[in-house]
Protein chains: 4
Amino acid sequence: MTQAAERRAPGDPPLPDRLLAVATRMFAEKGFGNTSVQEIVEAAGVTKGAMYHYFGSKDDLLYEIYHRLLGLQTSHLERIADGPGTAEERLRAAAVDVLDTSFRHLDAFVVFFRSLHLLSRDRREAVRAERRAYHERFRGLVEEGQREGAFRADVPADLAVHFFFGAVHQIGTWYRPGGRLEAEAISEHYADLFLNGLRN
Amino acid sequence: MTQAAERRAPGDPPLPDRLLAVATRMFAEKGFGNTSVQEIVEAAGVTKGAMYHYFGSKDDLLYEIYHRLLGLQTSHLERIADGPGTAEERLRAAAVDVLDTSFRHLDAFVVFFRSLHLLSRDRREAVRAERRAYHERFRGLVEEGQREGAFRADVPADLAVHFFFGAVHQIGTWYRPGGRLEAEAISEHYADLFLNGLRN
Amino acid sequence: MTQAAERRAPGDPPLPDRLLAVATRMFAEKGFGNTSVQEIVEAAGVTKGAMYHYFGSKDDLLYEIYHRLLGLQTSHLERIADGPGTAEERLRAAAVDVLDTSFRHLDAFVVFFRSLHLLSRDRREAVRAERRAYHERFRGLVEEGQREGAFRADVPADLAVHFFFGAVHQIGTWYRPGGRLEAEAISEHYADLFLNGLRN
Amino acid sequence: MTQAAERRAPGDPPLPDRLLAVATRMFAEKGFGNTSVQEIVEAAGVTKGAMYHYFGSKDDLLYEIYHRLLGLQTSHLERIADGPGTAEERLRAAAVDVLDTSFRHLDAFVVFFRSLHLLSRDRREAVRAERRAYHERFRGLVEEGQREGAFRADVPADLAVHFFFGAVHQIGTWYRPGGRLEAEAISEHYADLFLNGLRN
DNA sequence: TATGAATGAGCGTTCATTCAT
DNA sequence: TATGAATGAACGCTCATTCAT
């Protein structure tokens, strides 16, 4: 009866998703280590037991955040890379997309690059492997452009990708919504700087 | 007698420096939160009390690492920016230097961008202020080049600096000494990509 | 199985009460500052975590001891003050009762007057407010007697109450059970000295 | 040279006295346990080594505070008790004097009754023995008055002394300088209440 | 007389996790 | 599915005291 009142409304996301959303926000705000399981479950309106029913550990929460974000970005990249257009066009589209996606999931993004090293070794390796695959796919586009002569060939492609991803991964440290530049504009400028840097 | 044997040899660095060196290495390896004060002082061969004689808290250790690194980079930048050469030449020199310095103090560098958010609010603000001053000095060089017509003017200078520093700040996440490319080569390539990206 | 044997028997007081009882005894014996949380939980047969599940801090333990004692004394005083009899009769009854209650909860009483100053400022103020209300109720009886002419009016009532309570609050520093005089006898003598002192 | 400037001026009290004065004030304000040796020596403008040169331990400071206060009160009492006048007159004078002295050395007084239990067993016993002698001398005056018929004999003399000293020892918990009543007036009222209470 | 670096032992508190219900 | 009492291990920090100088 009284409990029924606290039950989730039909439109609410299921508990695991709610826990992940809450955890993502709190990890981004206060850091993984400074957010206790107690705080997460309180913010989600449940108890610890409920959380441990769905997630084996606090680490699992973090891993799941990564996993979902990586899955999203990978599927985007594959769609773009396998699509039509020159290598340069597809690289530009991919660059803009990864930035747009990052801005749209900024909390998860911030957590990713700040807390990855806190995962257990196994999990960390798993994430890195996924990340590496993503990186290599992106690099493939650069190499394609170099072979076509659209990009300078004197810069190692993997280094160029590190360069660009480095710039992308740091946006969470300085970007604040509502600033002078909109996220979309920043994405375009970043893509410009990257593509122009690769030009002959 | 036995104690005398444990005393520091005349050539050894003083204890505060030794503690900072040890802490920097351990924070970089295992993270700030996963390194206990006990581990630090054991690695330095002293007791906790000795550490707390010189540093008010574990946070102070972290702050001091930042402070020294920032001081070093700032002095380098000022020397270069105030030196001879065109804006483009000085910007290139500054870009190469910040990369070289980062590679040379990679542990402190890694700690910096991974653990800054763990500092107390006051300290964090202090570091950010120092960092901002550095950023603005660098941006000044970009703007100078834009006015001279050496660089494209359609990209906001501060965004370009964020872009480059983002790339730089991430090197600790993928660079491993002894890899295919030497640190010097990476520095040159990164500077190329950045400067070329700014070109008209 | 083995754990079941350590579980509390049905008749045992619940853990929070057991912890409070143990803490009261130890604080009285060795002082608040010289009693570690570890000692308390060991004496209660649980771990620290269990204690911190019920009490937010060691201070909370102290506060709760005060709070319960004050609640007890306040309810007694109200019953007596609102009861039948002349002001003098009710004041005497209240005086004897506060002494009896103090002897009966001597440990809590000793802790109270020895460790109140160790509480956090907020908590200390809360206790003082409760204490002040009790004091004022008692003073009301003195003033009533003064108005009726039963007591001398040349002594400020609040001073007389300070005087009496001072005497009462110190019994823990010299009274030892099993001495020459029983607690009841002491209560009567103290009430005599107080009431006689107030007489015209 | 520069040190000479910090040397004590001819009129300043010697260091041990200064340390005791500072310690007394701080113990009264924050409690013995919450005042560190470091804070004391800083407030006195010296270093730890200097303090440990004069006092063997932090406990010694506390003991010395007690010892000086007790010596003062004892000498006063002896002078009065051995002086002229009836037992009642001398008891009243002694009562007023112990109150006046207490008000005049309120900090030491507060520390005394709050922190005595923190002393080592030996020291505590030593203080108690001194205290007992004082108590017995005072009791002698009560008994003298009882034998002379000036005071009621149905109240044990030692209990009456406990009663009065109890009231006296608590003044530090409620008296604040600058209040409605001056210390002298309070002393008189307290003596009145005590003597009147003893009257037949 | 006085310094101050260093010790060593202890303390209050936190927290992810488990498990009987 | 979910609760919440309880565990156990660790952690940052404090502080009276010592001692070479």
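Per chain, numbering begins at 1; letters A, B, ... match sequence-line order. Quick note: numbers below take in every heavy atom, side chains included, and nothing from hydrogens, waters or symmetry partners.
- Rounded to an integer number of Å, the gap from Lys58(C) NZ to dC11(E) C1' is 8 Å.
- Closest to the side chain of Ser57(D), from the set dT7(F), dG12(E), dT17(F), is dT17(F).
- Pair assignment for dA10(F): dT13(E), on the basis of Watson-Crick or G-U wobble contacts that are both within less than 3.5 Å.
- You won't find any donor-acceptor pair under 3.5 Å spanning the side chain of Lys48(B) and the base of dT14(F), going by distance alone.
- Rounded to a whole angstrom, the distance from the C1' atom of dT21(F) to that of dT1(E) is 13 Å.
- Relative ring orientation between His67(C) and Tyr63(C) is described as parallel, the plane-to-plane angle staying below 30° on a 0-90° scale split at 30° and 60°.
- One atom, CG of Leu118(D), and another, C1' of dA16(F), lie 14 Å apart when rounded to the nearest Å.
- Put simply, CD on Glu42(B) is 12 Å from P on dG12(F), counting in whole angstrom units.
- A cation-pi geometry, defined here as NZ or CZ lying under 6.0 Å from the six-membered ring centre and within 45° of its normal, holds between Arg131(D) and Phe112(D).
- Straight-line distance from the NE2 atom of His53(C) to the C1' atom of dA20(E): 14 Å, rounded to whole Å.
- The 5' end of DNA chain F is approached more closely, in terms of each residue's nearest nucleotide, by Ala50(C) than by the other of Ala50(C) and Thr35(B).
- DNA chain E is contacted by both Pro16(B) and Asn34(A); Pro16(B) maps to the nucleotide lying nearer its 5′ end (nearest heavy atom per residue).
- Nucleotide dT14(F) holds its P atom 13 Å from the NZ atom of Lys30(D), rounded to whole Å.
- Tyr54(D) comes within 4.0 angstrom of sugar-phosphate atoms only, judged by non-hydrogen atoms across all strands, and of no base.
- Atom CG in Leu19(A) sits roughly 13 Å away from atom C1' in dT1(F) (whole-Å rounding).
- Nucleotide dT21(F): paired with dA2(E) (Watson-Crick or G-U wobble, both distances less than 3.5 Å).
- Separating the CD atom of Gln38(B) from the P atom of dT7(E) is a distance of 12 Å, rounded to the nearest angstrom.
- Minimum interatomic distance between Leu106(C) and Gly172(C) (heavy atoms only, all atoms of both residues): CD1-CA, 4.1 Å.
- Closest-nucleotide positions on DNA chain E for Tyr52(C) and Met51(B) were compared, and the one nearer the 5' end corresponds to Met51(B).
- For the pair Thr47(C) and Val37(B), nearest-nucleotide mapping onto DNA chain F gives the more 5' position to Thr47(C).
- Remark: Asp59(A) does not engage Arg124(A) in a salt bridge, criterion side-chain N to carboxylate O under 4.0 Å.
- In this pair, Phe27(D) and Phe32(D) present their aromatic rings perpendicular. The plane angle is above 60°, beyond the 30 to 60° band.
- Separating the CZ atom of Arg18(A) from the C1' atom of dT1(F) is a distance of 14 Å, rounded to the nearest angstrom.
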